[in-house]
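First up is the structure itself, then whatever we jot down about it.
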Protein chains: 2
Amino acid sequence: MRQVHHPEVGEISLTVVMGALSDPIRVGLVRVLADGRERGWGELRAPVAKSTLSHHLRVLRDAGLTRTRQEGTRCFVTLRVHDLRERFPGLLRAVLTAADEQDVGLQVSVQESPRAAVS
Amino acid sequence: MRQVHHPEVGEISLTVVMGALSDPIRVGLVRVLADGRERGWGELRAPVAKSTLSHHLRVLRDAGLTRTRQEGTRCFVTLRVHDLRERFPGLLRAVLTAADEQDVGLQVSVQESPRAAVS
DNA sequence: TAGCTTGTTCGACGTTTCACGAACATCGAA
DNA sequence: TTCGATGTTCGTGAAACGTCGAACAAGCTA
């Protein structure tokens with residue numbers, strides 16, 4: 001569809017990342033991707049219109065939290081676990097732990113599909 | 001002036017905290033308070049109008065990041081280091097480290113004053 | 001009491017964010 | 001080539017945010 005931009009590791013900004021994580025749906029997406037496995041866009045389930053979901057995924061991507069790969073007409077998303085660890089040691093773990101305790105982002109899930117995300 | 005509200009430790013919300021940390025000035029304030037010492041409101045220096053500074057300090061307070069104590073006509077602010085560690089283990093350190101590396105919030109400083117913040 | 005200091009609140013302004021449905025672009029399949 | 005599936009983009013509101021100056025409230029100090 002288009003060639004999206006992903007910031008370099010060194011360009012990932014703290015405040016932008018914090019802003020990206022200030023929305024429950026986006027935290028939910030991060031949780032769902034936290035195991036590092038690649039997920040198909042279409043597998044992601046959130047209680048919002050698809051244009052809104054596209055918006056949230058864009059915010060995460062622009063912030064440098066996720067990476068989007070295109071394959072034909074569909075997209076696959078991954079959390080940039082390695083990059084995040086490098087840029088913000090300890091942050092991801094802290095956020096995931098807190099999100100877990102506070103049940104943030106439970107509205108988001110993945111509809112596991114047979115031929116999706118070949119890990 | 002008024003009786004401000006501070007959330008309990010258990011009420012501090014991840015997404016609200018992340019939102020509070022998504023502004024450079026607020027991150028700067030957190031940095032300046034990071035040593036745990038109490039600071040006088042008037043000591044805080046930031047390149048914004050005092051009403052704006054008041055707003056930022058309120059956001060931090062409402063999010064549960066800081067505590068404000070009043071003494072006569074002046075206020076003293078502290079970072080809730082202990083509470084934050086309890087609620088979000090590892091988060092504060094990660095944020096401070098990243099802020100340090102990225103020079104976030106350098107616009108904020110403290111004008112050390114003689115009789116201020118008796119640690 | 002009058003006045004000063006300190007910080008909050010208010011109202012206004014422009015920007016950004018989140019949400020939606022509709023339209024669009026692209027690719028694979030029929 | 002036509003059709004369907006998949007996401008993005010656009011246009012539009014409503015709400016939230018960051019900022020300011022002005023007005024205010026509360027407590028010292030003279």
Side-chain angles (χ1 to χ4, degrees), chain A residues 1-6 13 15-29 38-63 66-78 105 107-108 110-111 113 115-117, chain B residues 1-6 13 15-29 38-63 66-78 104-105 107-108 111 113 115-117:
Chain A
M1 280 155 192
R2 75 281 67 185
Q3 52 295 348
V4 296
H5 175 67
H6 294 90
S13 148
T15 51
V16 173
V17 165
M18 299 308 261
L21 294 175
S22 68
D23 182 285
I25 291 195
R26 290 194 293 260
V27 171
L29 290 167
E38 184 174 63
R39 299 293 185 172
W41 203 106
E43 288 181 281
L44 302 172
R45 294 282 171 271
V48 291
K50 68 173 181 174
S51 55
T52 303
L53 182 55
S54 180
H55 161 68
H56 284 306
L57 286 169
R58 183 213 228 284
V59 172
L60 288 174
R61 177 171 15 89
D62 288 352
T66 60
R67 197 178 288 287
T68 292
R69 178 176 68 84
Q70 191 156 2
E71 190 180 308
T73 176
R74 50 175 75 183
C75 297
F76 295 90
V77 189
T78 43
Q107 328 129 44
V108 180
V110 261
Q111 168 68 53
S113 121
R115 64 191 318 64
Chain B
M1 280 157 191
R2 75 282 65 181
Q3 50 298 348
V4 297
H5 176 68
H6 294 91
S13 147
T15 51
V16 172
V17 165
M18 299 309 262
L21 294 174
S22 69
D23 182 285
I25 290 196
R26 289 196 293 261
V27 172
L29 290 167
E38 184 174 63
R39 299 294 186 171
W41 203 107
E43 290 181 281
L44 302 171
R45 294 282 170 270
V48 291
K50 67 174 182 172
S51 55
T52 304
L53 182 55
S54 180
H55 163 67
H56 284 308
L57 285 169
R58 182 210 226 290
V59 172
L60 289 174
R61 178 170 14 90
D62 288 352
T66 60
R67 197 179 289 286
T68 292
R69 177 176 69 84
Q70 190 157 2
E71 191 180 307
T73 175
R74 51 177 74 185
C75 297
F76 295 91
V77 190
T78 44
V104 181
Q107 328 130 45
V108 180
Q111 166 69 53
S113 118
R115 63 191 318 64

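Labels below follow one simple rule: chain letters A, B, ... track the order of the sequence lines, proteins then strands, and each chain is numbered from 1.
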Looking at A:S51 and C:dG21, is any side-chain donor or acceptor paired with a base atom of the opposite kind under 3.5 Å?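 Indeed there is one.
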Report yes if a side-chain nitrogen or oxygen of [X] is closer than 4.0 Å to either non-bridging phosphate oxygen (OP1 or OP2) of [N]; otherwise report no.
X     : N      : result
B:R74 : D:dC28 : no
B:T52 : D:dG18 : no
B:T73 : D:dA26 : no
A:H56 : C:dA19 : yes
B:R26 : D:dG18 : yes

Spacing between [X] atom [atom1] and [N] atom [atom2], to the nearest angstrom:
X      : N      : atom1 : atom2 : result
B:D62  : C:dT9  : CG    : C1'   : 14 Å
B:M18  : D:dC17 : CE    : C1'   : 18 Å
B:Q107 : D:dG18 : CD    : C1'   : 13 Å
B:E43  : C:dG7  : CD    : C1'   : 15 Å
B:H55  : C:dG11 : NE2   : P     : 16 Å
B:R58  : D:dC17 : CZ    : P     : 11 Å
A:L57  : D:dT8  : CG    : P     : 7 Å

Shortest non-hydrogen contact between B:H5 and B:R61, atoms and distance: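 Taking B:H5 first and B:R61 second, the nearest heavy atoms are O-CG, 3.9 Å.
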Please report the closest heavy-atom contact between A:V108 and A:I25, naming both atoms and the distance. CG2-O, 3.5 Å
Side chain to side chain, [X] and [Y], heavy atoms closer than 4.5 Å:
X     : Y     : answer
B:R74 : B:W41 : no
A:L57 : A:T68 : no
B:R26 : A:T15 : no

Which part of the nucleic acid, if any, lies within contact of A:V48, taking any heavy atom under 4.0 Å across all strands shown: a base, the sugar-phosphate backbone alone, or nothing? sugar-phosphate
Comparing A:E71 and A:A49 on DNA chain C - which has the more 5′ nearest nucleotide: A:A49
